[in-house]
Protein chains: 2
Amino acid sequence: MENTKKTTIHDIAEKLNVTASTVSRALKGNPRISDSTKKAVLKTARELNYEPNHIASALRSGRTQLIGMLVPTINRSFFSSIIRGVEEVANSLDYRVIVSQSNEVLDNEENAVKAFLNARVDGIIASIGKNTQQFDHYKQVLERGLPLILFDRTTPHLQTGQVVIDDYQGAYLATTHLLEQGCRKIAHFTTERKIDIYKERYRGYLNALQDYQVKPNEALVFSGNLQLEDGRAHTKALLRKGEAFDGIFSASDYAAMGAMQVLKENGLKIPEDVALVGFLNEPFTSFTDPPLTTVNQFPIEMGHTAANLFFHALNAEKKKIVPKKTVIQPELIIRASSLKKKP
Amino acid sequence: MENTKKTTIHDIAEKLNVTASTVSRALKGNPRISDSTKKAVLKTARELNYEPNHIASALRSGRTQLIGMLVPTINRSFFSSIIRGVEEVANSLDYRVIVSQSNEVLDNEENAVKAFLNARVDGIIASIGKNTQQFDHYKQVLERGLPLILFDRTTPHLQTGQVVIDDYQGAYLATTHLLEQGCRKIAHFTTERKIDIYKERYRGYLNALQDYQVKPNEALVFSGNLQLEDGRAHTKALLRKGEAFDGIFSASDYAAMGAMQVLKENGLKIPEDVALVGFLNEPFTSFTDPPLTTVNQFPIEMGHTAANLFFHALNAEKKKIVPKKTVIQPELIIRASSLKKKP
DNA sequence: AATGGATATGTAATCGATTGCGCAATTTAG
DNA sequence: CTAAATTGCGCAATCGATTACATATCCATT
């Protein structure tokens, strides 16, 4: 209904016999404009159902109020929760979030960043691909002076804001918990991937063992892709080898789930025979039987933090702030899969 | 490196001694430009590392290459998968996707739509809130002549493109499957919500019973919010009442999960004593014990379809096309929770 | 009365690309 | 060989808001 034409500041200006610049200033609360005209402008703006054209504003001012957000996979709980967290903060500040996914492919990653830049986003929040070793596309972002915040999957090759959880601590908590439950032969599922987070989890595992005077056993450490099938294969290998084990700390919930399946198929009791701990708090972990003990990464909070860092960097602009790195402390969610001693 | 200044079509024009309009046309492949100048333009564009400014283009042309996507909750598997599907198609056509979430709150929904319009998106793909009964904000989108595609949660109050799954058929398949497994006293978990999809599932349930000459029993139908706790409560109520039942078809996986928990807690065997079928194919359903039979809604494909409808509507523009409604056929995923007869 | 300084608003360029209109130059038709 | 059509490109306005700079008015100061 009403006019199909959108009203612009010129329409308001005409109606009030002032110029568009006055209207623009009035709408922005410029102190050089008298209160009376400000009021009048606001009033007719409302009457004419004025809505600012962000595109025109963006062209002139160079600020689009858009954040480009790049994740490996949109439809994975961890990432979609982070998107949610970012969206919540961005929305409250009248910013909007463009999402793209890389599917862990460098080419997609580069194209997405380029598309973001062409869309003239005000900055980028991203988690880098598993196999990405080349960071020129991100460097371009920084060279343009745009804020870049990395989360979860970060790299030391980029001097910029980062949000990660303390993977070491998460793994340490998980392993310590197994040790406290009486486990002494604890297997670990990890990956060869050159991502720091898995190295950190491995380190946490080793240090926990050390702190309990348990000698690490290389035969209990398995490397793969941390998917369900990997967990199944590792567990079968463990059983086949006859290597004694009474606990498994998997760096991924999926692999832990694979272990749970194979253990149950072989008539082993969880946690009595083998206690099990995963990592990431995937939504399914509370629904397994027994429910899976895991490490919560607080993804929504991670999204909030990433967004806050983003806006901090955005406001600092040229002031050359030192890139901030925020480390979120994980939480061990203890469920039945590892709880031998009833409290 | 290089210039910090972005190169524009004017820079290219200057270097070639032509005007910006010629450059613009050349880049767009306008047939009125000779092949030789086109080649020259392309060449220097590459040399100068030219990247088009979408904002400027958007202001003049009125097309932003942006799609506003509104979902109730970003971090739910069903919705994030649809976002993924939309993003895939949009990306391949050089469109970008802005996401927002309503959290099922009308106010958020209205604000998100308004924000999309202010960002001058080329159209909107949305799933309406559970409690939304007021559609003026969507009508404004249509009045502006922008494409609006609704998915999953739709309404007859809006004449526009829609993508839904055949909820009736999904429920019919599910219930028929239980009947074929020998169940005759099948409970149903549903909701009072005024959303068509649940009514359709109820209808599918009833019709399947009818086709098998099973008389519906009102005492076996439970209405709630379809969350885990609701499923638990309904199942406990069933057991308490002593109402005999040998199967449950839940309109949600979460409620089905609640049922599974309570049944197991009460020493009942699944599927021998009670066969169980859910709806939605939540990721956790394959990890429960026993794995949960459920109905696949093909969310990624639904996203693809929504995006395709969107672009169809976008290209049709003023040609006043009849709003298309696409119905996706669901698939029953049969797992151990309902499989009494081993095939 | 002349000068200075606020205060309030106007002028016009600008952001970068797009596009209707116009006009040469060249080709084709008759 | 001239008129008409086509080809290739320039001119300039435009999208809507922003902003550096200029200007006008009014009051206060000396």
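Predicted, not measured: the structure shown is a model, and the values here were computed from it.
Across the protein-nucleic acid pair, A/His10 atom NE2 and D/dA17 atom P stand 7 Å apart, rounded to whole Å. Atom CD1 of A/Ile55 is separated from atom C1' of D/dA17 by 12 Å (rounded to the nearest Å). Summarising the geometry, the separation between CD on B/Glu14 and P on D/dC9 is reported as 18 Å, rounded to the nearest angstrom. Atoms CD1 (B/Ile9) and C1' (D/dA12) sit 14 Å apart, rounded to a whole Å. Taking atom CD1 of B/Ile33 as the reference point, atom P of C/dT18 lies 13 Å away to the nearest angstrom. Rounded to whole Å, atom C1' of D/dA5 lies 11 Å from atom CZ of B/Arg32. C/dT14 atom C1' lies 9 Å from atom CG of A/Leu59, rounded to whole Å.
Between A/Thr19 and C/dG10, a side-chain N or O to OP1/OP2 separation shorter than 4.0 Å is present. Between A/Ser61 and the phosphate of C/dC15, there is no side-chain N or O to OP1/OP2 separation shorter than 4.0 Å. In terms of phosphate contacts, B/Lys28 brings a side-chain nitrogen or oxygen within less than 4.0 Å of OP1 or OP2 of C/dT18. Close to D/dC9, at under 4.0 Å from its OP1 or OP2, lies a side-chain N or O of B/Thr37. Side-chain nitrogen and oxygen atoms of B/Ser34 include none within less than 4.0 Å of the OP1 or OP2 phosphate oxygen of D/dT7.
Contact check on B/Glu47 versus B/Lys43 returns a salt bridge, with a Lys/Arg side-chain nitrogen under 4.0 Å from an Asp/Glu carboxylate oxygen.
Between A/Phe310 and A/Tyr95, the angle of the ring planes goes over 60°, which puts this pair in the perpendicular group of the 30/60° scheme.
Side-chain atoms of B/Asn315 never come within 3.5 Å of backbone atoms of B/His312 as a donor-acceptor pair (strictly under, hydrogens ignored). Checking side-chain atoms of B/Gln65 against main-chain N and O of B/Asp94 turns up a donor-acceptor pair under 3.5 Å.
The residue B/Val18 sits close only to the backbone: its heavy atoms come under 4.0 Å of sugar-phosphate atoms, none of a base. Among the atoms of the strands shown, only primed sugar atoms or phosphate atoms (P, OP1, OP2) are found under 4.0 Å from some heavy atom of B/Asn17. A/Ser21 comes within 4.0 angstrom of a nucleotide base, judged by non-hydrogen atoms across all strands. In this structure, B/Ser24 reaches the bases: a heavy-atom distance under 4.0 Å links it to at least one base atom across the strands shown.
A donor and an acceptor atom sit less than 3.5 Å apart, one in the side chain of B/Arg25 and one in the base of C/dG20.
Across C/dT19, C/dT9, D/dA17, the shortest atom-to-atom separation from the side chain of A/Asn53 is found for D/dA17. In this structure, of D/dG10, D/dA17, C/dG16, it is D/dG10 that holds the atom nearest to the side chain of B/Thr22.
Contact annotation: the side chain of A/Ile74 approaches that of B/Glu87 to within less than 4.5 Å [non-hydrogen atoms, C-beta and beyond].
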